[in-house]
Amino acid sequence: MPKQIIGRRTVLSMFGAGAAVAATGVAAINPALATAASAATAKSGPTSVVYVEVNSNSMLNAGKYTLTNGGAQVFDVAVIFAANINYNTSTQKAYLHFNDQVTAVLNDAANQIKPLQDKGIKVLLSVLGNHQGAGFANFPNQAAAEAFATELANAVTSYGLDGIDFDDEYTEYGNNGTGQPNDSSFYYLVSALRSKLGSSKLITLYDIGPSADRLSYNGNSIADTFNYSWNPYYGTWSDPRGPSSKSKRSPAAIEINSTSSSTAASYAQRTVDEGYGVYLTYNLTATNSASYISSFTQKLYGSSAKYTA
């Protein structure tokens with residue numbers, strides 16, 4: 001079972017493409033130069049994902065690491081951790097909540113989100129339970145699930161985000177008189193969100209909790225509605241549920257500077273050898289972690305990582 005550290009999960013002691021740099025200004029002058037710039041920073045290999053605890057760390061840390069060979073960004077997807085699904089006891093409805101730190105990031109998107117996107121990094125908003133009983137798996141009806149999907153879609157649009165990450169932890173289903181998980185809620189929620197966001201935005205699954213147990217309803221599945229899914233237990237290897245293609249799943253899960261560098265390297269090599277297309281990392285701080293990060297970039301991309309403050 002996971003245990004909470006700074007609002008996130010880690011494992012108990014028993015568990016032993018890069019997008020091109022945006023070049024809008026260059027393209028306006030000379031499209032050929034923009035193409036050349038893109039080629040210079042492209043990389044091949046698994047999609048690298050990083051969660052950032054914004055209660056104590058800057059999202060901009062995700063853009064400070066590049067590959068020594070070629071200069072591509074190490075991280076392809078950066079996840080803001082985390083917004084919450086809360087419960088209004090007066091209206092008896094779930095709603096999307098941002099704490100002060102998440103609010104600060106979103107309200108300053110021009111300086112904390114767009115600079116990452118300009119480097120080709122997709123920025124997602126993780127949504128997490130908050131001990132109030134409201135979860136992704138216990139909406140009382142389809143309309144309630146769709147109403148929450150509308151809130152999520154509006155957040156993506158309002159703050160220029162690239163998508164939503166679902167993390168069904170710390171919900172405490174049943175609190176405040178809320179219902180227990182049902183089979184239809186998550187299906188309705190994810191289906192509605194995909195409809196509202198279209199195909200250009202990302203929807204990802206942190207494979208944990210009652211929602212992840214309920215990816216099908218009435219014979220229909222949302223597994224391939226997710227762009228990516230990943231193992232939730234840091235320091236372990238476990239193939240997650242979700243998309244049918246291995247190219248969209250990360251069995252590897254490491255906590256930067258906490259999982260041993262040898263384990264990080266081993267899981268990176270295994271990711272490549274076994275044909276998986278995603279590599280999950282968590283808890284990037286302001287510390288220069290280029291040496292640690294190089295342990296897995298060498299295996300994923302054949303290059304060490306470089307830190308630029």
Side-chain angles (χ1 to χ4, degrees), residues 1-12 15 47-65 73-86 96-109 111-117 119 121-132 152 155 159 161-171 202 204-209 228 230-236 250 252-261 264 278-290 292-293 296 305 307 309:
M1 297 295 291
K3 63 179 180 181
Q4 189 172 3
I5 290 185
I6 322 176
R8 193 53 164 168
R9 84 298 305 138
T10 185
V11 292
L12 295 175
F15 289 112
T47 296
S48 180
V49 181
V50 63
Y51 279 85
V52 179
E53 291 260 15
V54 298
N55 283 352
S56 51
N57 296 288
S58 170
M59 284 301 297
L60 296 178
N61 293 329
K64 293 181 177 181
Y65 294 89
Q73 293 292 315
V74 167
F75 298 110
D76 304 300
V77 178
V79 187
I80 300 168
F81 189 78
N84 297 105
I85 177 171
N86 278 11
L96 182 61
H97 171 75
F98 307 136
N99 69 14
D100 290 345
Q101 291 77 22
V102 172
T103 297
V105 171
L106 296 177
N107 285 344
D108 194 28
N111 296 306
Q112 299 192 52
I113 295 174
K114 191 172 185 300
L116 297 178
Q117 294 170 325
K119 293 179 178 182
I121 300 171
K122 300 290 188 182
V123 180
L124 309 184
L125 179 66
S126 183
V127 185
L128 178 74
N130 201 18
H131 312 281
Q132 298 182 12
L152 295 175
Y159 300 108
L161 297 165
D162 295 297
I164 294 293
D165 174 63
F166 287 106
D167 181 350
D168 192 5
E169 294 184 274
Y170 312 123
T171 296
L202 302 181
T204 61
L205 175 67
Y206 195 85
D207 181 20
I208 199 168
Y228 303 115
W230 27 75
N231 168 22
Y233 297 100
Y234 298 108
T236 74
S250 177
I254 67 151
E255 183 171 354
I256 295 172
N257 292 320
S258 292
T259 303
S260 72
S261 58
V278 189
Y279 187 83
L280 176 67
T281 72
Y282 163 67
N283 203 22
L284 185 65
T285 69
T287 301
N288 179 349
S289 299
Y292 180 91
I293 289 171
F296 62 81
Y307 173 84

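- Ala78 meets the side-chain contact (heavy atoms from CB on, under 4.5 Å) test with Val50, Met59, Ala62, Leu116, Ile121; sequence neighbours excluded.
- Applying the side-chain hydrogen bond (donor to acceptor under 3.5 Å, both in side chains) criterion to Thr204, with sequence neighbours excluded, gives Asp165.
- A pairwise comparison of heavy atoms in Phe98 and Ala155 identifies CZ-CB, 4.2 Å as the closest pair.
- Side-chain atoms of Ser289 come within 3.5 Å of backbone atoms of Thr287 as a donor-acceptor pair (strictly under, hydrogens ignored).
- Enclosure of atom NZ in Lys122 is not indicated, since only 12 or fewer non-hydrogen atoms of other residues, nucleotides or ligands lie within 6.0 angstrom.
- The backbone N or O of Gly63 sits less than 3.5 Å from a side-chain atom of Lys119, completing a donor-acceptor pair.
- Considering all non-hydrogen atoms of both residues, Ala290 and Tyr65 come closest at N-CE2, 3.6 Å.
- The heavy-atom pair separating Ala82 from Leu128 by the smallest distance is CB-CB, 4.1 Å.
- When all heavy atoms of Ile293 and Ala305 are compared, the closest pair comes out as CG2-CB, 3.8 Å.
- Under 3.5 Å, the side chains of Asn84 and Asn99 contain no donor-acceptor pair of N or O atoms.
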Begin with the C-alpha distance, continue with both residues' side-chain angles, and end with the deciding distance and a verdict on side-chain contact (heavy atoms from CB on, under 4.5 Å) for Leu106 and Ile113.
CA-CA 8 Å; Leu106 296 177; Ile113 295 174; 4.0 Å; yes
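- Under the 3.5 Å distance criterion, with hydrogens and angles disregarded, no donor-acceptor pair is assigned to the side chains of Asp167 and Ser126.
- For the pair Phe296 and Ser48, the tightest heavy-atom approach, listed with the atom from each and the gap, is CE1-OG, 4.5 Å.
- Looking only at distances, no side-chain donor or acceptor of Ser258 sits under 3.5 Å from a matching main-chain atom of Glu255.
- Residues Ser260 and Tyr292 come closest through the heavy atom pair O-OH, 3.9 Å.
- When each of Tyr282, Tyr234, Trp230 is paired with Tyr51, the side-chain hydrogen bond (donor to acceptor under 3.5 Å, both in side chains) condition holds for Trp230 and for no other.
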Apply the test side-chain contact (heavy atoms from CB on, under 4.5 Å) to residues Val77 and Val278: give CA-CA distance (whole Å), side-chain angles for both, the deciding distance (0.1 Å), then the verdict.
CA-CA 10 Å; Val77 178; Val278 189; over 6 Å; no
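- Here Asp108 pairs with Asn111, Gln112 under the side-chain hydrogen bond (donor to acceptor under 3.5 Å, both in side chains) rule; sequence neighbours left out.
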Take Val49 and Val79 through the test side-chain contact (heavy atoms from CB on, under 4.5 Å) and record every step on the way to the result.
CA-CA 8 Å; Val49 181; Val79 187; 4.0 Å; yes
